[in-house]
Protein chains: 2
Amino acid sequence: MPAIKATPSTRDRILDAALDLFVEEGFSGTTISEVERRVGLAAGTGSFYRHFSSKEALLRAAVEREVATRMAEIEHDRASLALPDDPRKQFSTIAEQTLRDLRRFDRLLRLMLTEGDRVPEIQDAMMTALPGWGAGSWADRPSTVVTIAALIGYHISDLVGGGVFKDVTQAAFIEALTALTHGTTQS
Amino acid sequence: MPAIKATPSTRDRILDAALDLFVEEGFSGTTISEVERRVGLAAGTGSFYRHFSSKEALLRAAVEREVATRMAEIEHDRASLALPDDPRKQFSTIAEQTLRDLRRFDRLLRLMLTEGDRVPEIQDAMMTALPGWGAGSWADRPSTVVTIAALIGYHISDLVGGGVFKDVTQAAFIEALTALTHGTTQS
DNA sequence: GTCTATAGGAAGATAGAC
DNA sequence: GTCTATCTTCCTATAGAC
């Protein structure tokens, strides 16, 4: 099983280009011609339709593949994540992992915001992916909700561009969050 | 100066309808015909063009008016906001106000995400509006950044629909946030 | 300021040759 | 599996009568 195919099929290259375009230009703003152009097919010829039955079918397939890819990555990350014993270090490790997870879902999050009506499956998929957050480590702690909200908020802000937290590094943010949830006096 | 005009001009009703549509369907997904239909003009006749020179001009005008409206609302709210003396109560009052502010910027936030390239002024406008957050009360406190991030995260999640915090009421969230930043032991 | 009519183009999609 | 050609529909935008 080759981890990376040297020559992705045209179908896969269409899915790549399409997801990029849907995220950047939105569904309506994306044209089949532009998709064809990006994968090296002659634009406006409808060669695309040998691979997908319609533009809507393309969106659903692109989302489906992206969900599968990102969830696999996240599960792999979690399996190989070593949790330190020290509670503070454990907390910041999980926080970092959560930010990584969020970044992986960026494009889907954006699609969820812009095309959520068109592909409700995105929302379902993300909701099934996210409950895994901090399971066993954070769950049932009173500060869990605030912590997750803070990580989402921090992440979203720099996704939005410019951002309120432009000058706050990830390390500094996690440090502040750790101090707040685990006491600031402890070394 | 009438606070609410009984009969808004056609121009204003176009701006209302247009903003709704741009937020819901995106710029490309919005048609002039649909705008005309919503304001009671015959669809597809181009009557719209007696009021605006192009679809792009309409977007800019709609954004401009929305920014002005929301910022005025926020300034008005702030001016009439009575801050309690008790630090905990003061904190939760400001937190509630911040959530209100965020809600007011929802539609602009969405447009910023989807049409940011087309109207870069949105980002500038929001960045000038937001530094006012918690000024004088929160600024320079170590937990400020985390607090704002948490409020943004909480808000975004229910904006996205479904949401991770569906079962967490605003009051409960602010309570948890207050406990975390002001100590849980104090009554 | 609204309608009729329409120009002019681009979009999604299909049929058929190669 | 890709291109030529084309159908049909929809869209932005304009000209001109009322």
Side-chain angles (χ1 to χ4, degrees), chain A residues 2 5-65 111 114-121, chain B residues 2 5-65 111 114-119:
Chain A
K5 261 191 173 174
T7 52
S9 65
T10 301
R11 187 174 197 278
D12 281 333
R13 290 171 44 242
I14 289 178
L15 287 172
D16 289 335
L19 197 75
D20 286 347
L21 284 167
F22 288 145
V23 169
E24 287 163 23
E25 318 280 354
F27 181 79
S28 310
T30 298
T31 66
I32 301 296
S33 294
E34 181 61 25
V35 172
E36 289 170 331
R37 195 172 294 120
R38 289 215 181 178
V39 301
L41 296 171
T45 66
S47 292
F48 159 83
Y49 291 96
R50 296 284 170 177
H51 302 272
F52 296 91
S53 65
S54 73
K55 195 180 170 184
E56 290 254 2
L58 172 62
L59 174 62
R60 278 191 295 274
V63 165
E64 196 173 332
R65 199 193 56 163
L111 278 178
T114 57
E115 319 295 342
D117 306 336
R118 225 178 294 266
V119 190
E121 297 91 310
Chain B
K5 260 191 172 174
T7 50
S9 66
T10 301
R11 189 175 195 278
D12 280 334
R13 291 173 41 244
I14 289 178
L15 287 171
D16 289 336
L19 197 76
D20 285 348
L21 284 167
F22 287 145
V23 169
E24 286 163 24
E25 317 281 354
F27 181 79
S28 311
T30 298
T31 67
I32 302 297
S33 294
E34 181 60 26
V35 172
E36 289 170 331
R37 195 172 295 119
R38 289 213 181 178
V39 301
L41 296 171
T45 67
S47 292
F48 159 82
Y49 291 97
R50 296 284 169 177
H51 302 272
F52 296 92
S53 64
S54 73
K55 195 179 169 183
E56 290 254 1
L58 172 62
L59 173 62
R60 279 191 294 273
V63 166
E64 196 172 333
R65 199 193 55 161
L111 278 178
T114 57
E115 320 297 340
D117 305 336
R118 227 179 294 265
V119 190

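Convention: sequence-line order gives letters A, B, ...; per-chain numbering from 1. Just so it is clear, the values below take in all heavy atoms, side chains as well, and ignore hydrogens, waters and symmetry mates.
- Nearest nucleotide to the side chain of B/Thr31, out of D/dC11, C/dT2, D/dA13: D/dC11.
- The phosphate of C/dT2 has OP1 or OP2 within less than 4.0 Å of a side-chain N or O from B/Thr10.
- Distance from the side chain of A/Tyr49 is smallest to C/dG12 among C/dG12, D/dT4, C/dT2.
- When the nucleotides D/dT2, C/dG12, C/dC3 are ranked by their closest atom to the side chain of A/Lys55, C/dG12 comes out on top.
- Residue-level contact check: A/Thr30 touches the backbone only, with heavy atoms under 4.0 Å from sugar-phosphate atoms and none from bases.
- The listed nucleotides are D/dA17, D/dA13, D/dG1; the one nearest the side chain of B/Ser54 is D/dA13.
- One N or O on the side chain of B/Arg13 and one on the backbone of B/Val39 form a donor-acceptor pair closer than 3.5 Å.
- A donor and an acceptor atom sit less than 3.5 Å apart, one in the side chain of A/Arg50 and one in the base of C/dG16.
- Taking the side chain as every heavy atom from C-beta outward, A/Phe48 and A/Lys55 never approach each other to under 4.5 Å.
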*Show your reasoning for whether side chain to side chain donor-acceptor pair (under 3.5 Å) applies to A/Ser47 and A/Thr45.*
CA-CA 6 Å; A/Ser47 292; A/Thr45 66; 3.1 Å; yes
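- Separation of atoms CG (B/Leu21) and CG (B/Asp16) is listed at 11.0 Å; rounding is to 0.5 Å.
- Among C/dT4, C/dT2, D/dC3, the nucleotide with an atom closest to any side-chain atom of A/Ala42 is D/dC3.
- The side chain of A/Ser47 places an N or O atom within less than 4.0 Å of a non-bridging phosphate oxygen (OP1 or OP2) of D/dC3.
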